[in-house]
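This report refers to the structure that appears directly beneath it.
It should be emphasised that the depicted structure is a prediction, and the values quoted were computed from it without experimental measurement.
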Number of protein chains: 2
Amino acid sequence: MEKDITIYDIARELELSPTTISRALNDHPSVNKNTKQRISEAAAQMGYRSNLFASNLRKQRTNTIGMIVPRLDSPFHSAVIAGIEKIANEEGYNLIISQSLETLHKEVANAKTMFDSRVDGLLVSLSFETDSLEHFEQFINRGIPVIFYDRVTEHKNCTNIIIDNLQAAYKATTHLIEQGCTNIVHITGNLKRNVYADRLKGYKYALIDHNLPFTESNVLKSQLTEEAGKLAAEQILAMNPLPDGIFVSNDTCAVSCLRTLKQAGISIPRDMAVIGFNNDLTSRVVEPNLTTINYPGQEMGEVAVRVLLMQMNGTGEKIPSNTINLRSELIIRESSLRGKASPKKKDILL
Amino acid sequence: MEKDITIYDIARELELSPTTISRALNDHPSVNKNTKQRISEAAAQMGYRSNLFASNLRKQRTNTIGMIVPRLDSPFHSAVIAGIEKIANEEGYNLIISQSLETLHKEVANAKTMFDSRVDGLLVSLSFETDSLEHFEQFINRGIPVIFYDRVTEHKNCTNIIIDNLQAAYKATTHLIEQGCTNIVHITGNLKRNVYADRLKGYKYALIDHNLPFTESNVLKSQLTEEAGKLAAEQILAMNPLPDGIFVSNDTCAVSCLRTLKQAGISIPRDMAVIGFNNDLTSRVVEPNLTTINYPGQEMGEVAVRVLLMQMNGTGEKIPSNTINLRSELIIRESSLRGKASPKKKDILL
DNA sequence: AATATATATGCAATCGGTTTCAATTACAAT
DNA sequence: ATTGTAATTGAAACCGATTGCATATATATT
């Protein structure tokens, strides 16, 4: 079992002070070039590695970014994390990740752990249950920046990074209307969360702007799971008259709903056009392929961590609270193309 | 901006020494019960939180587990991580996660970061490219346990946690044979990795045990991506005679292959029966639903972290190198059921 | 020659817990 | 009265890197 080399060992070896060793290894300008050279060679040769804890303890920062996500096993969050990890890595930051599993109590516990681990910054996408940001106040009180992405809530000291859910939903609904749909159902999630509330608004405004009636009974609240998709399909089949278009707030649920409708003898998109949200892999596997909104997960992650780094290394002055909107796009596939022939290209980007 | 409370602040407040505060907060037996009570109340009231860096620095351990996975955006790995995070959390450990993105150089860089972060233990699933474990020697030399799961290589000091890939593949292939297939193609991945090499063996042995010929030309090497599935399908369509069964080493590729074959007019499973591997969500979305091997991801994660914790807290003696095998199961769905009527139950577990 | 300036290095304190080794007290046993 | 034992508490060293302040040397300026 080898022993760790410290700057004291190097100092002894080269007959210098630990101070100089430390400065040399941090490329401090006041150390002679030749000395630096000697030191870094000795360090390499002796197998030195810096002790982050001693360093962190002294510097009062950890070079660590914390992340709290609802779940890791979601294609969208995976993409976000990939983007975050890439940039964080490049900038020399560690990433501590934990999942709230959509519960408030685990989100609170995770926040505490992140706080005790003294992360320098925090990236959060809120759980379904979260209705208070109290557990993040401890960070804000000590000047540790917190950034919310995707599932967000307004907070005067925090930046939010989102897509324009309202606009995306508006586009999707408008597309259904342009395909001739006049009786469109919307399947939504927990309206406490901005993403679902905004999509509902987009759906509503699109209807109104095209002189179609908005009726509460056409909005189905759901858990947006696979199972919930089946239930929603059954509710839809019980409607009279049957709707001719469905806009679902995620792909998992849309796919399961679509399949259940198909099994019941409904022809998609002829009888009903269907649009999902997320552009998950399943949207390209289901038959017919699902029209959906493409979410820039990786990009969202990259933007989030860049903004966070800016705030972490900022002058200490509070950057004014703000919201960053990323572009999303409607990807049109067979599930929503009615009447006309199917499109030449497989995927058409609006 | 609030200031951090230290044990010295509490000591001053209660007119005790920092020693006693530290001991009380760690529930050391030699501190008086009443004193403990007073101290913990004061700590709570003053908003004290332990400084992990000071503690780590002194204790020379970090309460942190490192993880290096090929990618985070894989349903299997997400499930593993979920299992790991659950147990690690319960036991009071932090989790640092990084992805190698299937490249050796990033895996090496990540290993270095983990090492510098002084993780107490390491969980690894190897990248495609990895053909040497040199970058893990530094851990082993210092007595830091390393555990490999799923994508593993033999190392005399490390435990491996896997499923019996050979047996699973044997079962899958045997099932195809029982369904009347006599000319079965196998689509495999990078044979450097145990998982694919073992599955190939299972396929081979099943053929031999059932007196079917094994031919190299029936083994298609592939990247197992969506794109690779299409290519493989084209290769299969060019075969003469056409095979009547396909066993693919993952679901993503199997699904894409299946869809391409269908588009070419092949009836699944009548003309060709198809089996995948992983039980991803897409296997339940594609038409017909895909027969596949269910992988106990979450369980694998839980076992991995438990074994790791044992080794981390062990007496320091080397636990003899070993391999832990977890059970997997064949899930039979429509894509492999030929001739007979479709099964009564949606999913049949063998 | 005297002073100013830049360059290079080191001393010693510091970050906040943990731990070794004593010290103190109370009480029991001889 | 003396010694032994258990229960509490504290002083001080320590983990390893960083940094404010001081010092020493070399070079430039007047």
Close residues, residues 12-27 of chain A, relative to DNA chain D [heavy-atom separation under 4.0 Å]: A:T19, A:S22, A:R23, A:N26
Euclidean distance, A:N157 CG relative to A:I144 CD1, rounded to 0.5 Å: 13.0 Å
Heavy atoms of other groups near A:K192 NZ, more than 12 under 6.0 Å: yes
Leading and trailing nucleotides of DNA chain D with any atom under 4.0 Å from heavy atoms of chain B: D:dT8 to D:dG16
By ring-ring contact (aromatic ring centres under 6.0 Å, His included) - contacts of B:F139 (at least two apart): B:F115
Closest contact, heavy atoms only, A:P296 versus A:L326: CG-CB, 4.2 Å
Contacts of type ring-ring contact (aromatic ring centres under 6.0 Å, His included), residue A:F76, not counting sequence neighbours: A:Y295
Any pair counted as salt bridge (Lys or Arg N to Asp or Glu O under 4.0 Å), so long as it reaches residues 7-23 of chain A, sequence neighbours left out: A:D9-A:R12
Separation of atom NZ in A:K33 from atom P in C:dA8, rounded to whole Å: 10 Å
Between C:dT7 (P) and A:H28 (NE2): distance, integer Å: 13 Å
Touch class at under 4.0 angstrom, heavy-atom based, for A:S30 against every strand present: base
Give every donor-acceptor pair under 3.5 Å between a side-chain atom in residues 81-93 of chain B and any protein atom, sequence neighbours left out.
residue	atom	partner	partner atom	Å
B:E85	OE1	A:K106	NZ	3.3
B:E85	OE2	A:Q99	N	3.1

Side chain A:N322, main chain A:T159, donor-acceptor under 3.5 Å: no
Salt bridge (Lys or Arg N to Asp or Glu O under 4.0 Å) pairs, two or more places apart, involving residues 33-48 of chain B: B:D27-B:K36
B:I7 CD1 - C:dT18 P separation (whole Å): 7 Å
Exam field: side chain B:D120 to backbone B:T62, donor-acceptor pair closer than 3.5 Å: yes
Contact list for DNA chain C against residues 37-57 of chain A - heavy-atom distance below 4.0 Å: A:L57
A:T35 side-chain N/O to C:dT9 phosphate OP1/OP2 under 4.0 Å: yes
Salt bridge (Lys or Arg N to Asp or Glu O under 4.0 Å) involving B:R306 - partner list, sequence neighbours excluded: none
Terminal helix-axis angle for the helix from C:dA1-D:dT30 to C:dT30-D:dA1, with five pairs defining each axis and rounding to 10 degrees: 50°
Listed partners of A:Y48 passing ring-ring contact (aromatic ring centres under 6.0 Å, His included), at least two apart: none
Nearest-angstrom distance from the residue atom CD1 of A:I10 to C1' of C:dG10: 17 Å
Test salt bridge (Lys or Arg N to Asp or Glu O under 4.0 Å) applied to B:R151 - qualifying residues, sequence neighbours left out: B:E102
